[in-house]
Amino acid sequence: MATLFDTARRETRPLLALALPICGAQLAQAGMSVADVMMTGRLSATDLAAVSVGSSLWLPLMLFMTGTLMGLTPIVAQLLGGGRIAEITPNVHQGLWVALVLGALAAGLLWFAVGPIFTLMEVPEAVAERSRSYLLAVAFGMPGAALFQALRAFSDGMNHTRPSLWISLAGLAVNVPSNFVLIYGGEGLTSLLGPWLPHWLQALPALGALGCGIATALSLWTMCLCMGLYTRHSRAYGKVSLWHTASLPRWRLVSELLYVGLPIGVAIFVEVTLFTLIALFIASLGEVTVAAHQVALNYTSILFMLPLSLSMALTVRVGNVLGQQRHNHARRIAWHGIVLCLAVALLNGLLLRFTAEPVIGLYTRDPEVASLALSLVLLAMVYQVSDSLQVNLGGALRGYKDTRIIMVITLTSYWLVGMAGGHWLGTRGIPGLVAPLGVHGYWIGLIGGLTVAAILLGERLRRISKAVAHGERDPLHP
C-alpha cells in the first residue's frame, strides 16, 4: 500500500506536467477547425458545406499519419530512459522519411481520388467543385503536417511537450488572420479596417473555401518549420542533435517504427470512420436529431482532450521507465495512470452534469434540439468513463510497444459492439422488449463498444505488465 501511495505521490505531477501542454496543443489544433467552420459559414452555406465535406476526407488521413508517427514516441522514450542517446537521432531520421512518404501519399489521394468519392457520395455539383478546390489547397500542407507530427513525437518522447503547445498556438495565430484575408478578400478587410485600406488590398478576391484551404496549408507548414527550427536551436534536447547529420532510409529502423506505429494509425482511423458512419446513419433521423448529436459530441469531445493527453503522457512515462529496466515501477506507473484517468473522467462527468444545460444554450436556441442534446450528454457521463479508460489503457500499452493488440481490440469492439450493436438498438431496439431507440441507441452502442474495449485492454495490460515484470517478455524488442 505504501508503494502504491509513493507511486501516486511521485508520478502524478510528472504525468500532469507532460499531459497539460499536450492538451493545450490539442485544443489549439481543434481551434483551427472551429475557425474554418465559423468563418466559411459566415460567407455562404455552400462554402461551409464544401469545407465540412472536405474536412471529412482530409482529417482522417491526417489522423492516420499522426497515429502512425506516434509510434516514434515510445521508441524515443525507451532509448532516452535506457541512456542510448546515440540511437535516437537515426530513429528520428527514419521517422522523418516515413513522414515524407505518408505526406506525399496523402497529398496524392487528395489530388486524384476526391472526384470519384464525391460522385459516389452524390455531393451536389456546386459543393463538390468548391470542396475539390479546398482539398487541392490543403493537399500542399499534408507533407508539412506529417513532418510536424514526426518532430512532435520525438519531442514528446524526450519528455519535452511544451513546444507542441506553443507551436500549435502559432499555427492557430497564422490560420485565423489568413482565413480572414483569403476567405473574405478585400471586401472583408475593408469592413474590418475601414476604407483607408490600400487599394491593392481592397482588390483582393474573396476565395471562400479555396482560401480556407490555402490558410490551412500555410498554418500546417508554419507549424512544421517552427518545430524544425526549435529542434535545431533548442538546448532542451541535450546531446541529441537531429540536424548535424543525415541518415538514408534504413529498413530495420523503418520496419520497427511501422511495427509499433501502423497499428496505432489504423486504430485511430477506425475510430474516426466509426463516428463518421454513425453521423451518416443518424442523418436519416432528421435535422433535429443530427443537430443534437453534433452539439453533444462536440461538447463532450472538448472535455475528452485531457484524458487523451494523459494517455499520450502515460506512453512517455512508461516508455522512459522501461528503458531504465525498472519493470516493476513501469507497471505501477501504468496502473497509477489508469486510476488518475478514472478520476479525471469522473470530474468530467460532474462538469457535464452541472454545466450541460447552459453550455448547450450557447450552441442552440432551439428547445427541441437542446432537450435532445441534454439527454445525450447525460449518456455521455457514462461514455466519458469508458472512453477515458480505454484510451489510457491503450496509452500504457503503447509504452510497452504493444500496439497490434490495440488495433485488434478496437476493430472488434468498435465495429461489432459499438457500430453493429448501436445500429441494431437505434433501428430495431430489442424485439418484444424495447422499441427502436433512435440516436440514443447509437450512443448506447458506443458506450458498450468502449466498455468492451476497456475491459479487453485492461486484461491485456495486466498480462503484458506482469510478463515484463517477471522477465518473461522484453519490452524493448516486442
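- Here Cys226 pairs with Ile167, Thr222 under the side-chain contact (heavy atoms from CB on, under 4.5 Å) rule; sequence neighbours left out.
- The salt bridge (charged side-chain N to carboxylate O under 4.0 Å, His left out) pairs that include a residue from residues 388-397 number zero, where partners must be two or more places apart or lie in different chains.
- In this structure, Thr403 OG1 and Leu397 CG are separated by 9.5 Å, a value rounded to the nearest 0.5 Å.
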For Ile264 and Arg398, run side-chain contact (heavy atoms from CB on, under 4.5 Å): C-alpha distance rounded to whole Å, both residues' side-chain angles, the deciding distance at 0.1 Å, then the answer.
-> CA-CA 9 Å; Ile264 304 174; Arg398 286 196 298 273; 3.1 Å; yes
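- Two residues are said to be in side-chain contact when any heavy atoms from C-beta on lie closer than 4.5 Å; Thr161 and Val316 fail this criterion.
- Contact annotation: the side chain of Leu306 approaches that of Leu20 to within less than 4.5 Å [non-hydrogen atoms, C-beta and beyond].
- In terms of the side-chain contact (heavy atoms from CB on, under 4.5 Å) criterion, residue partners of Thr410 (sequence neighbours excluded) are, by chain and number, Ala267, Ile406, Tyr414.
- Using a distance-only test at 3.5 Å, with no hydrogens or angles considered, no donor-acceptor pair links the side chain of Ser388 to the main chain of Val385.
- Listed for the Gln78 side chain is a donor-acceptor partner under 3.5 Å among the backbone atoms of Gly399.
- Scanning for ring pair (Phe, Tyr, Trp, His ring centres under 6.0 Å) contacts around Phe154 gives Tyr237, with sequence neighbours left out.
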For the pair Ile333 and Leu314, evaluate side-chain contact (heavy atoms from CB on, under 4.5 Å) and give the outcome as yes or no after the intermediate values.
-> CA-CA 8 Å; Ile333 288 173; Leu314 196 54; 4.2 Å; yes
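- No donor-acceptor distance shorter than 3.5 angstrom exists from the side chain of Ser178 to the backbone of Ala215, with no hydrogens or angles considered.
- Nearest heavy-atom pair, Gln384 versus Ala345, reported as atom, atom and distance to 0.1 Å: O-CB, 3.8 Å.
- Judged purely by atom type and a 3.5 angstrom limit, Asn91 uses its side chain to pair as donor or acceptor with the backbone of Glu87.
- Side-chain atoms of Phe64 and Val270, non-hydrogen and from C-beta on, never get closer than 4.5 Å to each other.
- Here the OG atom belonging to Ser219 is positioned 7.5 Å from the CG atom belonging to Asp36, to the nearest 0.5 angstrom.
- Residues Tyr400 and Val318 have side chains in contact (heavy-atom distance under 4.5 Å, counting atoms from C-beta outward).
- Environment of CZ in Arg463: sparse, with no more than 12 heavy atoms of neighbouring residues, nucleotides or ligands closer than 6.0 Å.
- Scored by the side-chain contact (heavy atoms from CB on, under 4.5 Å) test, Ala28 finds Ser168, Leu169 as partners (sequence neighbours excluded).
- Here the closest non-hydrogen pair linking Ala25 and Leu165 is N-CD1, 3.6 Å.
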Step-by-step side-chain contact (heavy atoms from CB on, under 4.5 Å) determination, Phe304 to Val391 = CA-CA 10 Å; Phe304 181 64; Val391 78; 3.9 Å; yes
Mind running side chain to side chain donor-acceptor pair (under 3.5 Å) on His327 and Ser465 for me, showing each step along the way?
-> CA-CA 8 Å; His327 298 156; Ser465 61; over 6 Å; no
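- The distance from the OG1 atom of Thr315 to the NZ atom of Lys401 is 12.5 Å, given to the nearest 0.5 Å.
- A donor-acceptor pair is defined here as one N or O able to donate and one able to accept, closer than 3.5 Å; no such pair exists between the side chain of Ser413 and the backbone of Leu450.
- Applying the salt bridge (charged side-chain N to carboxylate O under 4.0 Å, His left out) test to residues at least two apart or on different chains, the pairs with a partner in residues 128-140 are Asp47-Arg130.
- Not one N or O on the side chain of Asn392 forms a donor-acceptor pair closer than 3.5 Å with the backbone of Cys341.
- Taken to the nearest 0.5 Å, the CE atom of Met227 stands 6.5 Å off from the CG atom of Leu151.
- In this structure, CG on Leu457 lies 4.0 Å from CD1 on Ile409, to the nearest 0.5 angstrom.
- For the pair Leu257/Leu72, a side-chain contact is recorded, criterion being any heavy-atom separation below 4.5 Å from C-beta on.
- Taking Arg462 as the reference, Glu459 meet the side chain to side chain donor-acceptor pair (under 3.5 Å) condition, with sequence neighbours excluded.
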Walk me through it: do His336 and Arg317 pass the test side-chain contact (heavy atoms from CB on, under 4.5 Å)?
-> CA-CA 11 Å; His336 167 63; Arg317 285 297 299 144; over 6 Å; no
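- Checking side-chain atoms of Thr73 against main-chain N and O of Ala153 turns up a donor-acceptor pair under 3.5 Å.
- Remark: side-chain polar atoms of Gln94 are paired, donor with acceptor, to backbone N or O of Leu248 under 3.5 angstrom.
- Among residues two or more places apart in sequence or in another chain, the ring pair (Phe, Tyr, Trp, His ring centres under 6.0 Å) test is passed with Trp111 by Phe140.
- Judged as a side-chain hydrogen bond (donor to acceptor under 3.5 Å, both in side chains), the pairs with a partner in residues 57-68 (not counting sequence neighbours) are, in order, Trp58-Tyr134.
- Using a 4.5 Å cut-off on side-chain heavy atoms (C-beta onward), Leu346 and Leu350 make no contact.
- The stretch residues 138-159 participates, sequence neighbours left out, in these salt bridge (charged side-chain N to carboxylate O under 4.0 Å, His left out) pairs: Arg152-Asp156.
- Taken to the nearest 0.5 Å, the CG atom of Asp387 stands 8.5 Å off from the CG atom of Leu446.
- No side-chain heavy atom of Arg331 sits less than 4.5 Å from a side-chain heavy atom of Val468.
- Under the 4.5 Å side-chain criterion, counting only non-hydrogen atoms from C-beta, Ile85 is in contact with Ile88.
- Nearest heavy-atom pair across Pro60 and Val272 is CG-CG1, 3.8 Å.
- Listed by chain and number, the residues in a side-chain contact (heavy atoms from CB on, under 4.5 Å) with Ala380 are Thr300, Leu352, Tyr383, Trp443 (sequence neighbours excluded).
- Scanning for side chain to side chain donor-acceptor pair (under 3.5 Å) contacts around Ser247 gives His93, with sequence neighbours left out.
- Other residues, nucleotides and ligands contribute more than 12 heavy atoms inside 6.0 Å of the CH2 atom of Trp335.
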